[in-house]
Protein chains: 2
Amino acid sequence: MSSKVNTREKLIETASKLFETKGYYATGLNEILIESGTPKGSLYYHFPKGKEQLALEAINSAGEKIKSKLESILNSNINPVDAIISSIEHIATLIDNDQKIKDMSISLIALETYLTSEALRKACEEIFTSLGSIYAKKLINSGINENDAYKLGDVIAAMIEGGMTYSLIKKSGKPLRLIAEQTPKLLNITSMETKQSN
Amino acid sequence: MSSKVNTREKLIETASKLFETKGYYATGLNEILIESGTPKGSLYYHFPKGKEQLALEAINSAGEKIKSKLESILNSNINPVDAIISSIEHIATLIDNDQKIKDMSISLIALETYLTSEALRKACEEIFTSLGSIYAKKLINSGINENDAYKLGDVIAAMIEGGMTYSLIKKSGKPLRLIAEQTPKLLNITSMETKQSN
DNA sequence: GTCTATAATGAGATAGAC
DNA sequence: GTCTATCTCATTATAGAC
């Protein structure tokens, strides 16, 4: 039962949480070390390239969590519109209860780093693309044609990302709930168009 | 012709640009001073409370620019749907040409500071609220009822904010253009509903 | 009001013992 | 693989001459 894997994982876990909530530049390496109970030497053994390398792994870890959580929520509703709406309301509830981002969004670290680190930018880009695809696939399952579905998936993903920013800054899930309320308009027209041709 | 006002304004201007693009924590006071050609002593004369006070004024300055720019674009189209679409496409073009935020979004500094500075959080919240209202007022002018208009205004503002994040990270105006393309669906239904009762 | 020098702290990173 | 001591540099902020 060595700490071979655990130390590394614990570091990524802690870094992921702090980078997501406080941001990349506001989070010091020392803070990550103290909160994870790791000495500095171990960090540089596991992540020789330092903070940026740790951030890359933290972003990927956060991305996996966000993606799998979204997929699981979407899968609990057969109807894609209901599924997407409840995924939005789920985040709104999280923000109302606990006033910060945890396994919800990488917007902060993405905006902080896209100009300074191409590696981190690309990691964030891939996650954003994946989220759009997850929404798109749910729509495809309900009969919307692929082209429309991928367009809508990206629009929905971006809209929710913006909604999270609004909700966090306003300290209220309301902006997200307004988005949830308007979402059917975005989806129904497309699904009607495809169904009209039947 | 003293620098009484100019030094102060120049500092706010420079800080505003750097905070918007690089972020609050990644931007050092020294960087602001060098780029604006101001000695450190002057900064603390004009902003005794230091970086946070400067940031507050920088956020408000950026907010005013963003708001007035949006209003001017929306006013150049009578039709509210066309106006909103072209405001989105305008930002998309800016991002395609110049790969960073300038007088477009305060999302970055908002997400960086909402947990650590209530003053900055409130400043950002006010701007987000104002942007929603600007879209709402354009919709009200076209006959949409006030209640729906304010809901839609916030949704549109949040959606565009998320679209900017997506476009910046993807280094492409495409996400914003997809949003512009889908926007009529969001707006037409409401406007149809209100017009159907005529 | 302006400017320079400097303090005080904390950051990221490294060296080397164990 | 782990841990500690330390280096270097950049940060925000202050003191005091002009």
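Order of the sequence lines fixes the chain letters, A, B, ..., with proteins taken first and strands second; residue numbering starts at 1 for each chain.
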Exercise. Closer than 4.0 Å, any side-chain N/O of B:Tyr44 to the OP1 or OP2 of D:dT14?
Worked result: no

Exercise. What is the distance, rounded to the nearest whole Å, between atom CD1 of B:Ile32 and atom P of D:dA13?
Worked result: 11 Å

Problem set entry | A:Arg8 vs A:Glu57, salt bridge (charged side-chain N to carboxylate O under 4.0 Å, His left out): CA-CA, chis, key distance, verdict | CA-CA 10 Å; A:Arg8 198 186 143 83; A:Glu57 306 242 25; 2.5 Å; yes

Problem set entry | Salt bridge present between B:Glu71 and B:Lys137 (N-O < 4.0 angstrom) | no

For this session: Just call it for A:Gly41: base, sugar-phosphate, or nothing, with non-hydrogen atoms closer than 4.0 Å on any strand.
Result: base

Which side-chain N or O atoms in residues 79-87 of chain A pair as donor and acceptor under 3.5 Å with protein atoms at least two apart or in another chain?
from: A:Asn79; atom 1: OD1; to: A:Val81; atom 2: N; distance (Å): 2.7
from: A:Asn79; atom 1: OD1; to: A:Asp82; atom 2: N; distance (Å): 3.0
from: A:Ser86; atom 1: OG; to: A:Asn77; atom 2: ND2; distance (Å): 3.2
from: A:Ser86; atom 1: OG; to: A:Asp82; atom 2: O; distance (Å): 3.2
from: A:Ser86; atom 1: OG; to: A:Ala83; atom 2: O; distance (Å): 3.1
from: A:Ser87; atom 1: OG; to: A:Ile84; atom 2: O; distance (Å): 2.7

Exercise. Between atom CZ in A:Phe47 and atom P in C:dG12, what is the gap in whole Å?
Worked result: 15 Å

Problem set entry | Between C1' of C:dA13 and NE2 of A:His46, the distance in whole Å | 17 Å

Exercise. Among C:dC3, D:dC3, C:dA13, which nucleotide sits nearest the side chain of B:Pro39?
Worked result: C:dC3

Problem set entry | Residue of the set A:Ile156, A:Leu70, A:Thr129 for which side chain to side chain contact (heavy atoms under 4.5 Å, CB included) holds with A:Ile134 | A:Leu70

Exercise. At under 4.0 Å, does any side-chain N or O of B:Thr7 touch on OP1 or OP2 of C:dG1?
Worked result: no

Exercise. A:Lys10 has an atom NZ; how far is it from atom C1' of D:dT2, in whole Å?
Worked result: 17 Å

Problem set entry | Closest-nucleotide 5' rank along DNA chain C - winner of A:Lys49 and B:Ser42 | B:Ser42

Taking N or O atoms only and anything under 3.5 Å, show me the protein contacts with nucleotides 6-11 of chain C, one pair per line.
from: C:dA11; atom 1: OP2; to: A:Asn30; atom 2: ND2; distance (Å): 3.0

For this session: Take A:Tyr166 and B:Ser107 through the side chain to side chain donor-acceptor pair (under 3.5 Å) test and state the conclusion after the steps.
Result: CA-CA 9 Å; A:Tyr166 260 68; B:Ser107 280; over 6 Å; no

Problem set entry | Axial cation check for A:Tyr114 ring with B:Lys170, 6.0 Å and 45° limits | no

Exercise. Has A:Lys49 got its NZ or CZ under 6.0 Å from the middle of the six-membered ring of A:Tyr44, at an angle within 45 degrees of the ring axis?
Worked result: no

Problem set entry | D:dG1 phosphate, OP1 or OP2, under 4.0 Å from A:Tyr45 side-chain N/O | yes

Problem set entry | Atom pair distance, as rounded to whole Å: CD in B:Gln53 and P in D:dA13 | 11 Å

Exercise. Taking atom P of D:dT14 as reference, at what distance in whole Å does atom CG of B:Leu43 sit?
Worked result: 12 Å

For this session: Return the value, rounded to whole Å, for the distance between atom CZ of A:Arg8 and atom P of D:dT2.
Result: 12 Å

